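Residue numbers start from 1 in every chain, and the chains themselves are labelled A, B, ... in the order their sequence lines are given, proteins ahead of strands. Only a predicted model underlies this, so the values are computations on that prediction, with no experimental measurement involved. Only heavy atoms go into these numbers, but all of them, side chains included; no hydrogens, no water, no symmetry mates.
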Number of protein chains: 2
Amino acid sequence: MSSLKSKILIVATDLFQTRGINSTGVDTIVAVAGTTKMTLYKYFTSKENLILEVLEKGHQDFQSWLSEKLNSNAKKPSEKLQKLFEFIEEWVTSPNFRGMGFIKASAEFPNEESPVHQLSSEQSRQFRQYISSLATEANIQDADGLALQLSLIFEGAVQAEQMKRGSGAMKYAKKAAKILIDSSLTN
Amino acid sequence: MSSLKSKILIVATDLFQTRGINSTGVDTIVAVAGTTKMTLYKYFTSKENLILEVLEKGHQDFQSWLSEKLNSNAKKPSEKLQKLFEFIEEWVTSPNFRGMGFIKASAEFPNEESPVHQLSSEQSRQFRQYISSLATEANIQDADGLALQLSLIFEGAVQAEQMKRGSGAMKYAKKAAKILIDSSLTN
DNA sequence: TCTTATATATACAGGTCTGTATATAGATTT
DNA sequence: AAATCTATATACAGACCTGTATATATAAGA
């Protein structure tokens with residue numbers, strides 16, 4: 001990938017995260033990235049295309065980091081569930097954390113026909129599905145139910161931490177997750 | 001309050017809910033409400049002012065309905081906590097439910113200096129504070145912590161139900177809340 | 001009937017934003 | 001040196017949106 005293209009992607013990710021997607025114009029993006037609109041539109045067919053690539057890259061980076069981390073640091077399936085929020089916190093508090101676009105994007109693009117809304121929803125669904133598969137491996141009865149509960153807590157906490165660092169949301173989300181997981185395991 | 005003004009408020013609430021705030025122009029609002037821009041700008045100084053009034057009315061209606069419901073249907077403080085999500089579900093599934101603006105608005109207006117963002121955040125904080133006061137009355141140790149956990153689950157579930165009716169989010173949110181409350185009460 | 005208040009109809013100014021057109025500069029290859 | 005590829009600089013068309021200006025209609029009260 002071209003150096004300019006990845007520079008644009010990084011800058012766009014940061015600006016979308018801090019100022020919101022709709023309130024960030026392409027002029028601002030190219031100005032911060034130190035290039036011009038002509039170059040941006042060479043690598044991305046439209047602003048929407050840029051948004052989609054930003055979301056895709058963010059989700060891929062997170063998912064691959066997380067599953068690698070879980071696979072190498074936890075053997076038993078129940079262990080993976082337990083450590084899930086530990087690693088999510090590690091990801092969110094890491095210095096190069098650039099936000100988790102898919103959590104907010106569907107709220108900024110409420111129209112269900114919007115490709116951005118659709119991708120964002122799909123990514124949420126995929127993450128929930130991943131948690132559900134972990135729960136299934138851990139022999140939990142209602143795996144989908146637990147996955148739904150955990151993803152509600154997780155997405156809310158990440159969004160809270162994104163909006164206000166040190167809100168304590170992640171800390172209490174971890175505690176709640178532990179209680180819910182333990183409760184599901186003993187059933 | 002003028003009949004036209006309240007008509008505009010209702011229509012705006014619905015459109016903001018279904019299409020999003022930013023993607024709903026004032027032209028659309030007045031067209032659906034069967035009036036004109038001149039009238040809208042007589043009752044509201046700006047579109048932002050209209051948004052703020054929509055948010056305020058929604059929050060007030062919900063809060064006063066909820067506390068009245070809790071006060072008349074539950075005696076013991078711990079009962080109120082237990083029944084909280086029952087009533088929230090009743091509110092959300094009631095036929096005249098028009099969405100809960102304050103949950104999504106801060107995501108659609110990420111700029112912290114935006115009055116809409118500020119009001120939305122303040123309303124979230126007030127609701128969390130209300131849950132915390134219920135928890136305190138029920139002699140729960142870490143009332144703020146439980147309130148944070150419950151509001152994460154609640155806001156996520158309502159948003160999920162808003163976006164997709166019958167997603168089951170509310171059902172599992174209730175279950176999770178019960179587990180967390182019970183766990184807090186026995187400590 | 002005359003006046004006054006309220007609502008309508010419509011046009012438009014002024015701003016923002018996306019995406020493209022045009023012209024130019026630098027660098028690499030042939 | 002000529003040609004080609006990549007990036008810059010800048011201007012601008014076209015769309016959309018908010019908020020206002022202007023002219024007209026309608027209804028009620030004095």
Side-chain angles (χ1 to χ4, degrees), chain A residues 1-55 101 104-105 107-111 113-119, chain B residues 1-55 101 104-105 107-111 113-119:
Chain A
M1 175 159 58
S2 146
S3 153
L4 265 174
K5 175 168 183 179
S6 80
K7 175 75 181 173
I8 292 173
L9 271 175
I10 291 172
V11 167
T13 304
D14 286 347
L15 290 176
F16 289 165
Q17 174 61 27
T18 53
R19 309 185 182 187
I21 299 175
N22 283 319
S23 5
T24 303
V26 290
D27 293 282
T28 309
I29 295 172
V30 297
V32 174
T35 179
T36 63
K37 275 206 285 190
M38 288 310 298
T39 304
L40 187 149
Y41 281 102
K42 184 187 172 187
Y43 292 116
F44 305 94
T45 61
S46 64
K47 184 187 177 182
E48 184 172 82
N49 176 248
L50 169 60
I51 299 170
L52 293 173
E53 286 213 28
V54 165
L55 287 182
K104 288 198 319 183
E108 246 195 294
F109 293 76
N111 185 349
E113 289 156 31
S114 152
V116 177
H117 179 98
Q118 289 176 3
L119 177 59
Chain B
M1 176 160 55
S2 149
S3 153
L4 266 174
K5 175 167 183 180
S6 81
K7 176 77 181 173
I8 293 173
L9 271 175
I10 290 172
V11 167
T13 304
D14 286 348
L15 291 176
F16 289 166
Q17 174 62 28
T18 53
R19 309 185 183 187
I21 298 176
N22 283 320
S23 7
T24 302
V26 290
D27 293 283
T28 308
I29 295 172
V30 298
V32 175
T35 181
T36 62
K37 275 206 286 191
M38 289 309 298
T39 306
L40 188 150
Y41 282 104
K42 184 188 173 188
Y43 293 115
F44 305 94
T45 60
S46 63
K47 185 187 178 183
E48 183 172 82
N49 175 248
L50 169 60
I51 299 170
L52 294 174
E53 286 212 27
V54 165
L55 288 182
K104 288 199 317 183
E108 248 196 292
F109 293 77
N111 185 350
E113 288 157 31
S114 152
V116 177
H117 179 97
Q118 289 176 2
L119 177 59

- Item | Pairwise distance CG(Asn49(A)) to OH(Tyr43(A)) - rounded to 0.5 angstrom | 14.0 Å

- Nearest whole angstrom, please: distance from the C1' of dT6(C) to the CD1 of Ile8(B). 13 Å

- Query: Just how far, in rounded Å, is P of dT6(C) from CG of Leu4(B)?
  - Reply: 12 Å

- Message: Tell me whether the side-chain N/O atoms of Ser46(B) come closer than 4.0 Å to OP1 or OP2 in dT18(D).
- Response: no

- Query: Counting side-chain heavy atoms from C-beta on, which of dT18(D), dT6(C), dC12(D) comes nearest to Lys47(B)?
  - Reply: dT18(D)

- Can you check the Met38(A) CE to dA23(C) P distance for me, whole Å? 13 Å

- In this structure, CD1 of Ile8(A) is separated from CD1 of Ile29(A) (nearest 0.5 Å) by 8.5 Å

- Taken to the nearest whole Å, CG/Leu40(B) to P/dA9(C) is 15 Å

- Task: Identify the two heavy atoms, one from Pro110(B) and one from Lys104(A), that lie closest to each other, and give their separation to 0.1 Å.
- Result: CB-NZ, 4.1 Å

- Task: Determine: side-chain N/O of Tyr41(A) to OP1/OP2 of dT8(D), distance under 4.0 Å, yes or no.
- Result: no

- To the nearest angstrom, the CZ-P distance between Arg19(A) and dC17(C) comes to 11 Å

- Task: Find the distance Lys42(B):NZ to dT20(D):P and express it as a whole number of Å.
- Result: 15 Å

- Task: Keeping the roles fixed (side chain from Glu108(B), backbone from Asn22(B)), state whether a donor-acceptor pair exists under 3.5 Å.
- Result: yes

- Report the distance from atom CG of Leu119(B) to atom CD of Glu48(B), rounding to the nearest 0.5 Å. 10.5 Å

- Note on the structure: Taken to the nearest whole Å, CG/Leu50(B) to P/dG19(D) is 10 Å

- Query: In terms of side-chain heavy atoms of Val26(A), which of dT18(D), dT8(D), dT18(C) is nearest?
  - Reply: dT18(C)

- Taking atom C1' of dC5(D) as reference, at what distance in whole Å does atom OH of Tyr43(A) sit? 11 Å

- Ignoring backbone atoms, test whether Thr35(B) places a side-chain nitrogen or oxygen under 4.0 Å from the OP1 or OP2 oxygen of dT8(C). yes

- Note on the structure: Among the nucleotides dG19(C), dG19(D), dA7(D), whichever has the atom closest to the side chain of Lys37(A) is dG19(C)

